[in-house]
Amino acid sequence: MDLMEMLNPMQKKAVSHTEGPALVIAGAGSGKTNVLTRRVAYLISLKKPSFNILAITFTNKAAKEMRGRIDELIGNNDVWVSTFHSLCVRILRRHISEIGFDNSFTIYDADDSLRLIKQCLKDLDVNEKQFPPKSAAYAIGAWKDALIPPELASSEFAGDYRQKQFADTYELYQRKLRLNNALDFDDLIFKTIDLFRASPATLQKYRDRFRYILVDEYQDTNAAQYHVVNLLAGETANLFVVGDDDQSIYGWRGADIRNILDFQKDYENAEMIKLEQNYRSTQMILDAANAVIKNNKRRRPKLLWTHKPGGSPICYFRAENERDEAAFVARTILSGVKDEGKNFSDFAALYRNNAQSRAIEDAFMTRSVPYRIYGGVRFYERAEIKDVIAYLRVVNNPRDSVSLARIINAPRRGVGDATIDRLSLYAARNDVPLYEAFENLDDVEGLGARAAKLVKFKTLMDSFITLAKSGSVTEVMEAIIDQTGYKRELLAENTPESLSRAENIDEFFSKAADFENTSGDKSLSSFLEELSLIADIDGYERDANVVSLMTLHSSKGLEFPRVFLVGLEEGLFPSYRSVVSDDINSVEEERRLCYVGITRAREQLFISSAFSRRQHGQVAFNSPSRFLKEIPEGLIQKMDNANNFENSEPSDVDEKKTSRTGISQYAEINKVRNSIDISFGGKNYASAIPAPNQKPDFAVGDSVRLMKYGVGTVKNIAAAGADYEVTVEFDGLGEKKFMSGLSKIKKIAK
DNA sequence: CAGAGACTCGAGGAG
DNA sequence: CGAGTCTCTG
């Protein structure tokens, strides 16, 4: 086929780019995946060997889709299509011994790593109330994303007691990971860079191999991922990155928008190509998206346009509460299916956080709307599944103390916390993995009669380990499920919950059987690796005729004919945290998330907000989101309880309706619009915030300290309404902007 | 000292 | 609303 067929001039330019760096700014729905896959095909048509090509995506699903489309275009090929994490795992499995790990290493998920961090805090005798494990985990994650090792964190933040405590925890945490022969998610990237730095020969090997590198969703890369790409690209820098700064929504986990904004600085001769023609949505939807995103100050100017004129107006429903909102979603879908011949799979409901899915689920169940949820408590994160996985992990890597501690007493075998503590103490004192405590039970103090139980447990584990040497994954799993009595106990408990958990174990077993039938590498470590890297959205099936429910974050990269954006309320979306944050970028990130949501829709967009909502166990009264007000009124039609349009005129949102508090909601919205900084959600937070109007007591060039970022230099101070916008540059983090009235910016002596 | 039951506290987004 | 912690009992 002709690779340039049906492409617009900009797309052609991108596809035919061969040597040197290129940056493609690809707006939502602009045919980005098509450009990426055709460029791969184009390179191969020029006789570039396919094994020299590496394409990096963020999710397995995106990788799978790209893999499929490349295969479709050019048949048999050796293009390496992979996510950042699986790319790094594949490299580490082969070479990690060069930096002192064993290649049977375990990959810890967020839950595992939190357990280990708790252990560290305990060992360091740190008060969990004062230093919550989650805060420590967040700090450590941020350091890792920014590629800051423990030594550096420790020296850089020595002056800040709290940061120092977290830095010490970080240091111990890394030591324990090594002892456990385990890596967390961030380490997968970090250790790959360590490896490349420690072993130039290994790096060269991969540079020679990956002569052409393509990176999708480049706006979501963090410092560590940037370095992986940068190291691999090397001098030749045949690096082709695609992204959209307006869709950068992962700042909270270290994604650095500067990677895409500064690409042309990093690679001086980079070619830049902009794709602004949208092939997905109607003009009405794009107008709404453009109108919202243009409120962001920090962005490259860009305007999506389409040949699909007009389209249905955006429908807005103001619900009484979250149940009313969910009912609106359900009945609108049902009438679309019944009256307009739509499929359930044409619909998606997108929300800001997973907790919001519950009300919608309830409404769908009572009205028999078929649906599927992505995210929330995932299958592989259920306690019973994690227990079975923990057994498998210990079999694969007995040094994995986190998993071992998890299963010592699961199912109950009379080994309590006190006994585990004694074993842990022995292990910590002798600097050995927990498993070795079992081999020297006589030396562990104060075990008494419990030693017999431990011996029995160890014998059992050893038998599994022996079996794993010759047996298959399913054989080992069957032995575990059977001989530990795990499933038997659940069945004996005979409650609806325990029976459902037993069923989950059966389902997990059949997943293992699937793996054995389909996977090339059928080893236990390969199975565990696949489990670790699986993401929810990977299970997304286009074919099933069900409504999709997912977070806005998960929806990126997908599209649906009809999309519901629910919960457009101040304090929910944008989130409370982003509004009170001292970093003005966080509200802009919420706005980008809104932009992502709007642009998922092909034909029609439905937006809703609720007057009241159960949040955190109590009823909250949120005012409508500022994002709602940013959509021009002429694009919106308001719907009533019977799904009729209210008035024939395009709606004026809430102007005429008076809320229960007696305050006109229009007034509430305006209050939000006019003084977003001090009032939202009908509550007044002014008391918590220092009075504005005060000129900062520092000047350009001064050193200042901020809680979250540490010490930086003031680059600019600009008046912004009643407040001042302060630009501060941080070493290694670059420039960030703050509102001086909101942020606790402290001047420090030079 | 293990296990069950009462109790409190905290709650974003993800590979 | 659920996990983690506290308290009581055997």
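Chain letters run A, B, ... following the sequence lines, proteins first, then strands; residues in each count from 1. All values below were derived from every heavy atom in this structure, side-chain atoms included, with hydrogens, water molecules and symmetry-related copies excluded.
Within the 4.0 angstrom heavy-atom criterion, only backbone atoms of the sugar-phosphate kind lie near Y250(A); the bases stay farther away.
For dA14(B), the OP1/OP2 oxygens have a side-chain nitrogen or oxygen of S554(A) closer than 4.0 Å. S86(A) has no side-chain polar atom (N or O) that falls below the 4.0 Å cut-off from OP1 or OP2 of dG15(B). Distances shown here put every side-chain N or O of R592(A) at or beyond 4.0 Å from the OP1 or OP2 atom of dG13(B).
R592(A) and E589(A) are joined by a salt bridge, as a carboxylate oxygen and a charged side-chain nitrogen come within less than 4.0 angstrom of each other. With respect to the salt-bridge test (charged N to carboxylate O, under 4.0 angstrom), the residues R358(A) and D362(A) do not qualify.
If you take CZ of R382(A) and P of dG2(C), they are 13 Å apart, rounded to a whole angstrom. Residue L531(A) contributes atom CG, which lies 15 Å from atom P of dG15(B) at whole-angstrom precision. The CD-P distance, from E322(A) to dC1(C), rounds to 10 Å in whole Å. Computed from coordinates, the D145(A) CG to dG13(B) P distance equals 18 Å when rounded to whole Å. Atom P of nucleotide dG13(B) and atom OH of Y576(A) are separated by 17 Å, given to the nearest angstrom. For N60(A) and dG15(B), the CG to P distance is 9 Å, given to the nearest whole Å. Taking atom CD of residue Q356(A) and atom P of nucleotide dC1(C), one finds them 15 Å apart after rounding to whole Å. Atom C1' of nucleotide dA14(B) and atom CG of N222(A) are separated by 12 Å, given to the nearest angstrom.
Every residue two or more places apart in sequence or in another chain that forms a ring pair (Phe, Tyr, Trp, His ring centres under 6.0 Å) with W80(A) is listed here: F210(A). Residues satisfying the ring pair (Phe, Tyr, Trp, His ring centres under 6.0 Å) criterion with F457(A), sequence neighbours excluded, are F438(A). For F105(A), the ring pair (Phe, Tyr, Trp, His ring centres under 6.0 Å) test picks out no residue, with sequence neighbours left out. Partners of Y226(A) under the ring pair (Phe, Tyr, Trp, His ring centres under 6.0 Å) rule, at least two apart in sequence or in another chain, do not exist in this structure. Listed by chain and number, the residues in a side-chain contact (heavy atoms from CB on, under 4.5 Å) with R323(A) are N321(A) (sequence neighbours excluded). Remark: E325(A) engages S608(A), R613(A) in a side-chain hydrogen bond (donor to acceptor under 3.5 Å, both in side chains) (not counting sequence neighbours). With sequence neighbours left out, Q247(A) forms a side-chain hydrogen bond (donor to acceptor under 3.5 Å, both in side chains) with D244(A), R600(A).
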Identify the pairs formed between an N or O of the protein and an N or O of nucleotides 4-10 of chain C at a distance under 3.5 Å, and give each distance.
none

Task: Protein-to-nucleotide contact annotation, 5' to 3' order, nucleotides 2-12 of chain B [B base; S sugar-phosphate only; - none; under 4.0 Å, heavy atom] - done: SSS------BB

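Comparing dG15(B), dG13(B), dC1(B) by their closest approach to the side chain of A110(A) singles out dG15(B).
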